[in-house]
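Shown next, in structure tokens, is the structure this report addresses.
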Amino acid sequence: MSLTTVICVLWAVSVGQTAGSQHGTNIIIMLMDDMGWGDLGVFGEPSKETPNLDLMAAQGMLFPNFYTANPLCSPSRAALLTGRLPVRNGFYTTNAHARNAYTPQEIVGGISPDEILLPELLKKKDYVSKIIGKWHLGHRTQYLPLKHGFDEWFGSPNCHFGPYNNSVCPNIPVYNNSEMKGRYYEEFEINVKTGESNLTQIYLKASLDFISQQAVAQRPFFLYWAPDATHAPVYASKRFLGKSQRGRYGDAMMELDDSIGQILAHLVSLGIHNKTLVFFTSDNGAAVMSGPLQSGSNGPFLCGKETTFEGGMREPAIAWWPGRIPAGTVSYQLGSVMDLFTTSLSVAGVLPPDDRVIDGLDLSPVLFNNSLLDRPIFYYRGNQLMAVRIGQYKAHYWTWSNSWEEFNKGINFCPGQEVPGVTTHTQEEHTMQPLIFHLGQDPGERYPISLQWMFTNRSEWSRSRTPTPPPPSFFQSFARSSSPVNPCQAADRLLFCAPSWSGRRSLISVYT
Ligand SMILES: *[C@@H]1O[C@H](CO)[C@@H](O)[C@H](O)[C@H]1NC(C)=O
Ligand SMILES: *[C@@H]1O[C@H](CO)[C@@H](O)[C@H](O)[C@H]1NC(C)=O
Ligand SMILES: *[C@@H]1O[C@H](CO)[C@@H](O)[C@H](O)[C@H]1NC(C)=O
Ligand SMILES: *[C@@H]1O[C@H](CO)[C@@H](O)[C@H](O)[C@H]1NC(C)=O
Ligand SMILES: *[C@@H]1O[C@H](CO)[C@@H](O)[C@H](O)[C@H]1NC(C)=O
Ligand SMILES: CC(=O)N[C@H]1CO[C@H](CO)[C@@H](O)[C@@H]1O
């Protein structure tokens with residue numbers, strides 16, 4: 001065999017490996033704003049006005065058990081991009097027990113320079129990263145997306161709150177990269193009266209152009225598509241206004257659904273659909289406190305945005321990658337927005353940072369092999385661990401909707417859904433006797449399970465269960481005490497032991 005032949009063979013092998021591996025895969029994360037689990041036809045929304053999302057689910061994998069890391073925009077987005085819980089990445093409050101970290105436009109802080117964001121890591125494999133739409137991790141120059149790994153940005157540092165009209169509280173700016181192009185309600189019009197705005201069309205065009213450019217350049221890309229039309233005040237362009245059975249919120253939904261259909265069709269027409277992972281989800285539950293004209297639906301779930309009931313935390317989610325993710329599958333995996341960080345790195349062939357705790361799991365075995373990974377879901381408000389889900393069971397250690405003071409002013413996080421002893425207006429601690437629900441049988445969290453039932457059946461339950469140990473790093477991360485506790489056992493004990501069992505440590509002391 002001549003040297004040339006050897007080189008040719010080696011070359012063929014290495015090319016074959018590159019083509020066969022998933023590295024170089026494009027990644028698109030479509031993150032909606034305040035869209036609820038129940039807003040999609042595929043999850044039962046009665047108007048059936050999301051044909052493109054329903055088709056995306058039919059061609060991909062649907063996740064009915066997918067969660068955010070916090071029921072509010074900024075902490076949720078920070079968790080997605082860092083793969084870390086807000087109590088680790090800094091987007092939490094300590095000065096107001098169980099309040100979420102709200103970031104108005106006057107905010108002076110933002111994402112810490114010590115945090116490593118997904119696009120920074122993807123640079124290792126020459127990805128081009130763009131964010132289109134809402135950022136919400138700080139307004140000042142040092143916190144903006146181009147300082148945190150993104151190569152391009154078209155959008156805004158915040159939601160389209162307003163209109164404002166003074167220099168103390170100006171309208172929120174819209175940027176193209178580092179250049180301010182104008183402001184919401186001014187150069188970027190939103191008519192609050194009619195609900196007309198072309199912003200979703202502008203964000204759609206920006207995404208199609210970016211995808212085309214990277215396809216031509218044959219560079220792998222990461223697109224973080226974060227339009228905000230479903231955040232109050234909701235808007236749609238003229239073609240969609242008045243079209244929905246659901247009113248203006250539905251118009252906004254229909255326009256986003258149409259845009260998603262166009263983005264997926266664009267990938268197909270460019271022939272890159274089979275090397276692009278697209279993941280659709282939302283940042284938190286529907287903002288039901290805004291009333292039916294301005295908010296979406298959380299389906300059968302209790303309450304909404306700002307709360308750690310299912311309506312605040314459970315998100316619609318679909319994964320799409322023709323040829324790689326089996327079409328028409330439903331995964332019962334308990335997933336989290338933080339997993340999008342770890343899964344994207346895995347698909348890109350980049351190792352996650354090893355100098356810090358990462359809370360996200362690599363969902364590759366779920367996406368490509370329909371495996372189920374054993375893991376809990378933690379529900380936080382601020383720095384307060386409110387609840388934990390393990391399997392179908394959810395234990396609330398604290399319950400709270402909002403204060404009497406706020407409630408009496410007409411702000412209601414659970415309109416029409418008060419459940420006595422559950423949707424409490426004072427912060428109620430249940431650490432010694434958690435409120436437990438079986439979410440399979442009672443997704444609306446209305447019927448707490450009798451603890452007596454749990455104790456008498458405990459031994460039977462543990463006999464019948466063969467636990468799969470979760471990745472040790474995941475749990476280690478929650479044990480901050482100097483004497484390591486096995487939090488998996490602690491969680492089991494807390495969920496299934498007698499409340500009179502003394503000497504037990506609460507998850508709160510174990511995990512936070
Ligand atoms: C600003 O808004 C206030 C009320 O929100 C209004 O009274 C005032 O006239 C406005 N000023 C300008 C310059 O538009
Ligand atoms: C955005 O800025 C880039 C240069 O940074 C420029 O090439 C592009 O045309 C601009 N796009 C818009 C819509 O202004
Ligand atoms: C939206 O775009 C259309 C067509 O370019 C234009 O006629 C309309 O005035 C725009 N509407 C707003 C609210 O900017
Ligand atoms: C993607 O599909 C095209 C044909 O549409 C095919 O030529 C190519 O090999 C496929 N790529 C992968 C990674 O499956
Ligand atoms: C795929 O799933 C099967 C059974 O569901 C399991 O035995 C196998 O280990 C899994 N493979 C990978 C690579 O996860
Ligand atoms: C006391 C009690 O509630 N026992 C329950 C244990 O679980 C079985 C089903 O697995 C029930 O039938 C029992 O009522």
Side-chain angles (χ1 to χ4, degrees), residues 20-22 61 119 128-133 135 141 144-147 149-157 160 162-163 171-214 216-217 219 221 223-225 227-229 233-243 248 251-252 254-256 258-259 262 319 321 324-326 329-333 335 339 342-343 346-347 349 361-375 466 468-471:
S21 82
Q22 53 204 23
M61 186 175 273
V128 182
S129 298
K130 180 161 193 161
I131 163 174
I132 295 173
W135 168 242
T141 323
L144 295 179
L146 301 198
K147 302 277 192 217
F150 284 99
D151 303 294
E152 299 181 24
W153 181 28
F154 190 91
S156 173
H160 56 280
N171 280 318
I172 288 158
V174 175
Y175 286 83
N176 175 43
N177 300 324
S178 47
E179 185 193 1
M180 190 182 131
K181 301 292 286 184
R183 293 181 184 277
Y184 284 138
Y185 301 96
E186 296 170 31
E187 292 80 4
F188 294 88
E189 250 183 272
I190 303 168
N191 186 322
V192 184
K193 246 195 197 117
T194 63
E196 186 185 348
S197 175
N198 291 339
L199 277 161
T200 299
Q201 293 304 314
I202 293 170
Y203 291 150
L204 169 63
K205 183 171 184 305
S207 69
L208 299 177
D209 289 349
F210 174 71
I211 293 168
S212 300
Q213 284 156 16
Q214 305 323 313
V216 168
R219 283 186 73 176
F221 66 82
L223 170 61
Y224 177 49
W225 194 63
D228 73 349
V234 299
Y235 60 76
S237 68
K238 197 152 200 156
R239 185 154 74 89
F240 293 90
L241 278 179
K243 292 291 191 299
R248 196 176 291 174
D251 298 338
M254 288 174 83
E255 185 164 21
L256 289 169
D258 179 81
S259 302
Q262 288 197 46
W321 183 354
R324 281 295 274 138
I325 296 175
T329 38
V330 175
S331 171
Y332 296 102
Q333 176 66 41
D339 302 343
T342 315
T343 307
S346 165
V347 155
L361 294 185
D362 176 6
L363 295 181
S364 301
V366 179
L367 298 175
F368 310 134
N369 192 42
N370 215 350
S371 302
L372 283 176
L373 312 172
D374 196 8
R375 74 96 67 89
T466 39
T468 318

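First listed ligand is number 1; within each ligand, the first listed atom is number 1. Along the sequence shown, residues are numbered consecutively beginning with 1.
Side-chain contact check for Tyr235 and Asp228: at least one donor-acceptor pair (N or O, by modelled atom type) lies under 3.5 Å. Defined by atom type and a distance below 3.5 Å, a donor-acceptor pair is present between the side-chain atoms of Asp258 and Gln262.
The side-chain heavy atoms of Arg239 and Glu255, taken from C-beta on, include no pair separated by under 4.5 Å.
From Ile190, atom CD1 reaches atom CZ of Arg183 across 13.5 Å, with rounding to the nearest 0.5 Å. Taking CD of Gln214 as the reference point, atom OG of Ser129 lies at 9.5 Å (rounded to 0.5 Å).
If you number the atoms of ligand 2 from 1 as listed, the ones under 4.0 Å from a heavy atom of Lys181 come out as 14 (O). Counting the atoms of ligand 3 from 1 in the order shown, those under 4.0 Å from a heavy atom of Glu189 are 13 (C), 14 (O). Taking a cut-off of under 4.0 Å to the non-hydrogen atoms of Asn176, the atoms of ligand 2 that pass are 1 (C), 2 (O), 3 (C), 8 (C), 10 (C), 11 (N), 12 (C), 14 (O).
Protein residues having at least one heavy atom under 4.0 Å from any atom of ligand 5 are Asn369, Ser371, listed by chain and number.
The aromatic rings of Trp321 and Phe368 lie perpendicular to each other, with more than 60° between the two planes, well past the 30° mark. Under the 30°/60° scheme for interplanar angles, the aromatic rings of Tyr175 and Trp153 are found to lie parallel.
A heavy-atom separation below 4.0 Å is not found between Glu179 and ligand 2.
Of the polar atoms of Ser197, none of the N or O atoms is found under 3.5 Å from an N or O of ligand 3, judged by distance alone.
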Verdict with supporting geometry, Phe210 and Ser207, side-chain contact (heavy atoms from CB on, under 4.5 Å): CA-CA 5 Å; Phe210 174 71; Ser207 69; 5.7 Å; no
